Amino acid sequence: MVMPSIDDTKIVTIERHILNEQRTYPEATGVLTYLLYDIALAGKVIASQTTRAGLAEILGRTGNINVQGEEVMKLDELADRMIFNLNNHTNRLAVMASEEQEDILRIPEQYGTGKYVLLYDPLDGSSNIDFNVSIGTIFAIYNRKTESGLGTLEDCLQKGKDMVAAGYMIYGASTMLVYTSGRGVHGFTLDPSVGEFLLTHPNIRIPEIPRYFSANQAYMKYWSEGVRRFTRYLQGVEKDDAPPKSLSLRYIGSMVADFHRNLLAGGIFYYPADSKDPRYPNGKLRLIYEGAPLSFIAQQAGGYGSDGYRNLLDIQPESLHQRVPMFIGNIELVEKAEEYIRKFD
Ligand code: P6P
């Protein structure tokens, strides 16, 4: 039987890709490679469940409410548990923190601790599960700041500019893992037939000409004057300030999916401060496991992430679930948002 010839030099797994990268860094120990592998393994398991959500008993709600005051979907819990359990015994991490858990996640005492810190949103956009909309996992990796022993809250509250690596998994038509370790952004697509993430999008760069803008314009009445005028600029109706010709609106309401499309096609995702809920004047999205990792990825792909005033990666987090306005995507569009906010707020 003649088998189709497979060019095995083109089969690049996450491990091979990172090891190739690490060869340029003699001091690299390989621990980060294994950590990314553990995260990828969690992604494979989560993907195996998200594609069955409509079939398995895990669809639907647990009746639990998480620290965000949001109803917890069963897949949320599975994803949260999966990432913690696949990483809590590897001696690679000092501490973890999750969007689903109020406090930091300590490494169980029977296991050793390591030099990295893992912050993650296990299943962002999970309210979309019932409607079969793409959802995702977001993660950020830092070096621990404390010397040894169990990691602390201080280890989790670091500026995004000190991040070692960041990435996301998107569970959609295919499952992808996109990551950066500070040397460009690279995308891997899961081949379910072999259970491996294979390099499909090396060196992702956000296109110069943006194609989309993504925001929930139903909330325009809650936004500041500057953000409203920026949105009118994007719509092409702000007097004497024409936007890029190609712009179209795309908003899925699942940040990883909105971000991923804009990373590949060019555009901006924004979730500004709003007066919708006086408890959350800085909007809905969180800094340490959403805004900061996605800004690091955008910046590594030639884009930029801002809170409307400054680089999101320069913000010193004050608390685990701190919310922050965010404008992430093409530099020109994010800087235009900052300009409107400076001028009209
Ligand atoms: P809104 C999903 O619930 C999420 O956390 C993000 O994935 C998404 O970008 C945002 O909230 C959507 O929020 O207020 O537009 O429904």
Side-chain angles (χ1 to χ4, degrees), residues 43 46 50 53 60-62 64-77 79-80 97-101 119-140 166-172 176 178 212-224 227-228 230-231 234 249-263 267-295 297-298 305-308 312 320-329 334 337:
I46 295 166
T50 53
R61 291 167 173 73
T62 61
N64 300 333
I65 301 292
N66 68 12
V67 292
Q68 317 297 338
E70 295 163 344
E71 184 134 44
V72 179
M73 306 286 286
K74 287 183 180 176
L75 268 177
D76 271 346
E77 283 187 354
D80 189 36
S98 165
E99 188 259 1
E100 289 291 330
Q101 304 295 329
L119 313 175
Y120 61 92
D121 182 353
L123 208 57
D124 179 80
S126 54
S127 52
N128 292 288
I129 292 172
D130 286 339
F131 314 114
N132 205 14
V133 168
S134 299
I135 50 183
T137 297
I138 310 170
F139 61 90
Y168 58 86
M169 269 107 43
I170 179 166
Y171 312 105
M176 279 192 73
V178 176
Y212 300 113
F213 66 98
S214 307
N216 188 336
Q217 297 185 69
Y219 299 151
M220 241 172 133
K221 54 185 175 294
Y222 302 119
W223 293 347
S224 69
V227 176
R228 277 203 296 272
F230 170 63
T231 303
L234 295 170
L249 172 65
R250 287 284 187 282
Y251 188 71
I252 299 180
S254 182
M255 179 165 56
V256 172
D258 279 319
F259 176 87
H260 183 67
R261 181 196 52 248
N262 293 349
L263 179 71
I268 182 170
F269 169 88
Y270 58 107
Y271 203 105
D274 66 37
S275 58
K276 174 157 68 330
D277 184 334
R279 293 173 301 168
Y280 307 124
N282 286 323
K284 173 179 186 181
L285 303 179
R286 277 63 55 123
L287 173 62
I288 68 169
Y289 41 72
E290 293 174 336
L294 294 183
S295 290
I297 294 166
S306 167
D307 66 351
L312 273 171
L320 280 186
H321 306 293
Q322 174 175 338
R323 294 168 188 245
V324 64
M326 54 185 80
F327 302 77
I328 308 178
V334 177

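Fair warning: this is a prediction, and the values are worked out from it, not measured in the lab. One-based numbering, in listed order, for ligands and for the atoms of each. Any value given below was found using the heavy atoms of this structure, including those in side chains, with hydrogens, waters and symmetry copies removed.
- Remark: side-chain polar atoms of Thr137 are paired, donor with acceptor, to backbone N or O of Pro122 under 3.5 angstrom.
- Partners of Phe327 under the ring pair (Phe, Tyr, Trp, His ring centres under 6.0 Å) rule, at least two apart in sequence or in another chain, are Tyr270.
- A cation-pi contact, defined as under 6.0 Å to the ring centre and within 45° of the axis, links Arg323 to Tyr280.
- For Phe213, the ring pair (Phe, Tyr, Trp, His ring centres under 6.0 Å) test picks out no residue, with sequence neighbours left out.
- A donor-acceptor pair under 3.5 Å is formed between the side chain of His321 and the backbone N or O of Gln101.
- Remark: Phe259 engages Tyr168 in a ring pair (Phe, Tyr, Trp, His ring centres under 6.0 Å) (not counting sequence neighbours).
- Under 4.0 Å from any atom of ligand 1, one finds heavy atoms of residues Asp124, Gly125, Ser127, Asn216, Tyr219, Tyr251, Gly253, Ser254, Met255, Phe269, Tyr271, Lys284, Leu285.
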